[in-house]
Amino acid sequence: MIPGAPRTPRHQASSPTRWSTAVTPEDFRAAAHTAADLVADHLAELPGRPVWQPMDDDARRTLLDAPLPRDGRPLAELLADVGRDVLPYPMGNGNPRFFGWVNSAPAPAGVLATFAAAAMNPSSAGGDHADVHLERAVVRWIAELVGFPHPAGGGLLTSGTSMATIVCLAAARNRAAREAGRDVRADGLAGMPPLVGYVTGETHSCVRKAAELLGLGSRHLRTVATGPDGLLDIADLRAAVARDRAAGLLPFLVVASAGTVGTGAVDAFEPIADLCAEERLWLHVDGAYGAFGVLDPAIAHRYAGLERADSLALDPHKWLGVPVDCGCALVRDTDELRAAFSLVPSYLRDEAAGELGWFSEYGTEQTRPFRALKVWATIAHRGRDGVAADIARCTALARRLGELVAADEEFELLAEVQTSIVAFRLRPPGLDEAALDELNHRLPAAVQRRGRVFVTGARLGEREMLRACLLNAATTEEDLLLLLDEVRAAARETVGRHH
């Protein structure tokens, strides 16, 4: 708004010629009401519908073969298409019986805020407008929720943890190169001894992608052993660092997990942080899914030392339910993040930006969407206590599912339930290991096709497993019992088809 200009009364429509060449305010208002009804009905009907079912061929072709339109169509017709051709075919993650990948149901407050953010449609790179200041606030909120030190400017919202990991590892790379006497931004990595990072077999694939994109090379990511509990083996890490130093390489990074994707295991941060301090290694924590588990008093002890990390990547669009996309990169040293990315050409110079500058100086994106409003709305709607209660319910349900699995002779619990992921397999009598692997490999797809629950699979060590992730506080114990019943039923169908 121009300073000193009269404020437009709320709900007063501007002239149609100043609104759009294609849509009048009245058209938009009517369509917005229709869209609200569509979305409200969709969310209300989800629990009573199949969680997921394959799209039929005609429905799939309607979307795949849609021709580029020559003439425009009214908003009402477009919304009718959405209601008929899109909303009836969800991924399934909005349903309380979705136990699949780490994909949450959308928080209602976040859904509404997304609408308002799209209406503003700013670039949240910098400047003096609401989205920029709100992002600084919600990044601080996220840091406070998980207990991570938050210096002003020490973080930003990203598309997800994959991008947040690139941002954090770039800062780590920049520091390591500088301490080796090189300016990696100007000179690249050519001629330097290889920089070496340390991960485990359970580390998310986004870390390898980041290492490859940043020129570090996946060959220089060492896979450190894990103990029987799935946690990083500190002795093996120490030995690996010593070997690489003796070989003339430059160890610079350790990646620990605040909840692995496979089993939800949380690494022991204190001894890892001690070693990183001794060896001058950057400690990065992948908290994409599990970092918010620290809010549950029953498991908060597992996160001791998380606050000692140099960087933390996490996803509000996972356990918090913020609508996709929204990740967050947090760093302890603001200067390291800005040193890795700041580049201000003359056409973006902002003399009023203050000492923190623009968000675009802290990451790779120049044009940045208004992610902060849906984060603000989601957290503000539930409050810290509400968020913590939702997370505690999910972890309690996961422990209960673990108990149900352990008490059932047909099932086997494959790992301790540490957060809200349960790793298990069906183990009917009379099958050898090869047959058990084959059966459990086929089960997730068979369960999904039945439509009543949704579960995914993975490999844990040398074994195929079922992996149930609980992120929805609306899930009940009856849903857990149904999950186990559906696995049994799918197994009977699977065995019947193959014999």
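Bear in mind the structure is a predicted one, so any value in this text is a computation, not a measurement. For the numbers below, each heavy atom of this structure counts, side chains included, while hydrogens, waters and symmetry mates do not.
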Inset, instruction - Report yes if some heavy atom in the side chain of Phe99 is under 4.5 Å from a heavy atom in the side chain of Leu401; otherwise report no. - result: no
Legend entry - Check: Phe252 ring centroid to Trp282 ring centroid under 6.0 Å: no
Inset, instruction - Run the salt-bridge test on Arg73 and Asp81 with the 4.0 Å N-O cut-off and return the result as yes or no. - result: yes
Legend entry - Audit row: Leu231, Gln418, side chain to side chain contact (heavy atoms under 4.5 Å, CB included) steps and yes/no: CA-CA 11 Å; Leu231 307 186; Gln418 295 192 29; 4.1 Å; yes
Inset, instruction - Examine distances only and state if a side-chain atom of Arg332 and a backbone atom of Ala309 form a donor-acceptor pair shorter than 3.5 Å. - result: yes
Inset, instruction - Determine the minimum heavy-atom distance between Ala398 and Ser420, stating which atoms define it. - result: CB-CA, 3.5 Å
Inset, instruction - Step by step, work out the side chain to side chain contact (heavy atoms under 4.5 Å, CB included) result for His33 and Arg29. - result: CA-CA 6 Å; His33 284 298; Arg29 190 179 303 278; 3.9 Å; yes
Inset, instruction - Check the pair Val196 / Arg222 against side chain to side chain contact (heavy atoms under 4.5 Å, CB included), numbers first and verdict last. - result: CA-CA 7 Å; Val196 182; Arg222 303 283 187 258; 3.6 Å; yes
Inset, instruction - Could you tell me whether the side chain of Ser311 reaches within less than 4.5 Å of the side chain of His284, counting heavy atoms only? - result: yes
Legend entry - Side-chain (His204) to main-chain (Cys206) donor-acceptor, under 3.5 angstrom: yes
Inset, instruction - Return yes if some donor-acceptor pair links the side-chain N/O of Tyr362 with the main-chain N/O of Leu356 below 3.5 Å, else return no. - result: yes
Inset, instruction - For the pair Arg400 and Glu477, evaluate salt bridge (Lys or Arg N to Asp or Glu O under 4.0 Å) and give the outcome as yes or no after the intermediate values. - result: CA-CA 8 Å; Arg400 179 57 182 152; Glu477 185 166 337; 3.0 Å; yes
Legend entry - Side-chain ion pair, Arg393 and Asp390, N-O less than 4.0 Å: no
Legend entry - His220 side-chain N/O to Leu216 backbone N/O, donor-acceptor pair under 3.5 Å: yes
Legend entry - Derivation and outcome, salt bridge (Lys or Arg N to Asp or Glu O under 4.0 Å), residues Glu365 and Arg371: CA-CA 13 Å; Glu365 293 178 296; Arg371 298 181 177 108; 3.2 Å; yes
Legend entry - Salt-bridge criterion met for Glu336 and Arg178 (N-O under 4.0 Å): yes
Legend entry - Minimum side-chain heavy-atom gap Ser123-Gln366 below 4.5 Å: no
Legend entry - Polar side chain donor-acceptor pair, Thr24 to Asp27, under 3.5 angstrom: yes
Inset, instruction - Flag the pair Asp274 / Arg308 as yes when at least one side-chain heavy-atom distance between them is below 4.5 Å, and no otherwise. - result: yes
Legend entry - Atom pair SG/CG of Cys394 and Asn472 - distance to nearest 0.5 Å: 7.0 Å
Inset, instruction - Given side chain to side chain donor-acceptor pair (under 3.5 Å), test Thr476 with Asp479 step by step and report yes or no. - result: CA-CA 5 Å; Thr476 65; Asp479 296 326; 3.2 Å; yes
Inset, instruction - Ignoring hydrogens and angles, tell me if any N or O in the side chain of Lys374 forms a donor-acceptor pair with the backbone of Pro323 under 3.5 Å. - result: yes
Legend entry - Worked check of side chain to side chain donor-acceptor pair (under 3.5 Å) between Thr34 and Asp37: CA-CA 5 Å; Thr34 300; Asp37 288 340; 5.8 Å; no
Inset, instruction - Inspect the surroundings of CH2 in Trp376 and state if more than 12 heavy atoms from other residues, nucleotides or ligands are less than 6.0 Å away. - result: no
Legend entry - N/O donor-acceptor pair under 3.5 Å between Glu279 side chain and Val241 backbone: no
Inset, instruction - Determine whether Asp333 and Asp310 make a side-chain contact, defined as any pair of heavy atoms from C-beta on separated by less than 4.5 Å. - result: no
Legend entry - Salt-bridge present (Glu144, Arg384; N to O < 4.0 Å): no
Legend entry - Least distance between heavy atoms, Gly327 atom then His317 atom: N-ND1, 4.4 Å
Legend entry - CG-SG distance between Asp315 and Cys326, expressed to the nearest 0.5 angstrom: 8.0 Å
Inset, instruction - Taking Asp325 for its side chain and Gly160 for its backbone only, find out whether a donor-acceptor pair lies under 3.5 Å. - result: no
Inset, instruction - Take Leu253 and Tyr198 through the side chain to side chain contact (heavy atoms under 4.5 Å, CB included) test and state the conclusion after the steps. - result: CA-CA 6 Å; Leu253 170 75; Tyr198 303 87; 5.9 Å; no
Legend entry - Distance (rounded to the nearest 0.5 Å) between Leu314 CG and Ile142 CD1: 6.0 Å
Legend entry - Between CD on residue Glu202 and CG on residue Asp286, distance to nearest 0.5 Å: 11.5 Å
Legend entry - Phe98 ring center within less than 6.0 Å of Phe454 ring center: yes
Inset, instruction - May I ask you to decide if Gly126's main-chain N or O and His129's side chain share a donor-acceptor pair within less than 3.5 Å? - result: yes
Inset, instruction - Using atom types as modelled and distance alone, determine if a side-chain donor or acceptor of Arg173 lies under 3.5 Å from a backbone N or O of Leu214. - result: yes
Legend entry - Any side-chain donor near an acceptor of the partner, Thr419 and Tyr289, under 3.5 Å: yes
Legend entry - Minimum heavy-atom distance Asn103-Asn93, with the two atoms named: O-CB, 3.4 Å
Inset, instruction - For Arg49 and Leu87, work out which heavy atoms get closest and say how close. - result: NH1-O, 3.8 Å
Inset, instruction - Tell me, please, whether Phe269 has Arg302 positioned over its six-membered ring: NZ or CZ under 6.0 Å from the ring centre and within 45 degrees of its axis? - result: no
Inset, instruction - Could you grab the distance from atom OG of Ser159 to atom CD1 of Ile166, nearest 0.5 Å is fine? - result: 8.0 Å
Inset, instruction - Could you tell me whether the side chain of Glu135 and the main chain of Leu157 form a donor-acceptor pair under 3.5 Å? - result: yes
Legend entry - Shortest non-hydrogen contact from Val285 toward Ser257: CG1-C, 4.5 Å
Inset, instruction - To the nearest 0.5 Å, tell me how far Ser342 OG sits from Trp358 CH2. - result: 12.0 Å
Legend entry - Validation row: Thr226, Asp233 side chains within 4.5 angstrom (heavy atoms): no
Legend entry - Side-chain heavy-atom pair Leu337, Phe341 within 4.5 angstrom cut-off: yes
Legend entry - Atom CZ of Arg208 with >12 non-hydrogen neighbours under 6.0 angstrom: no
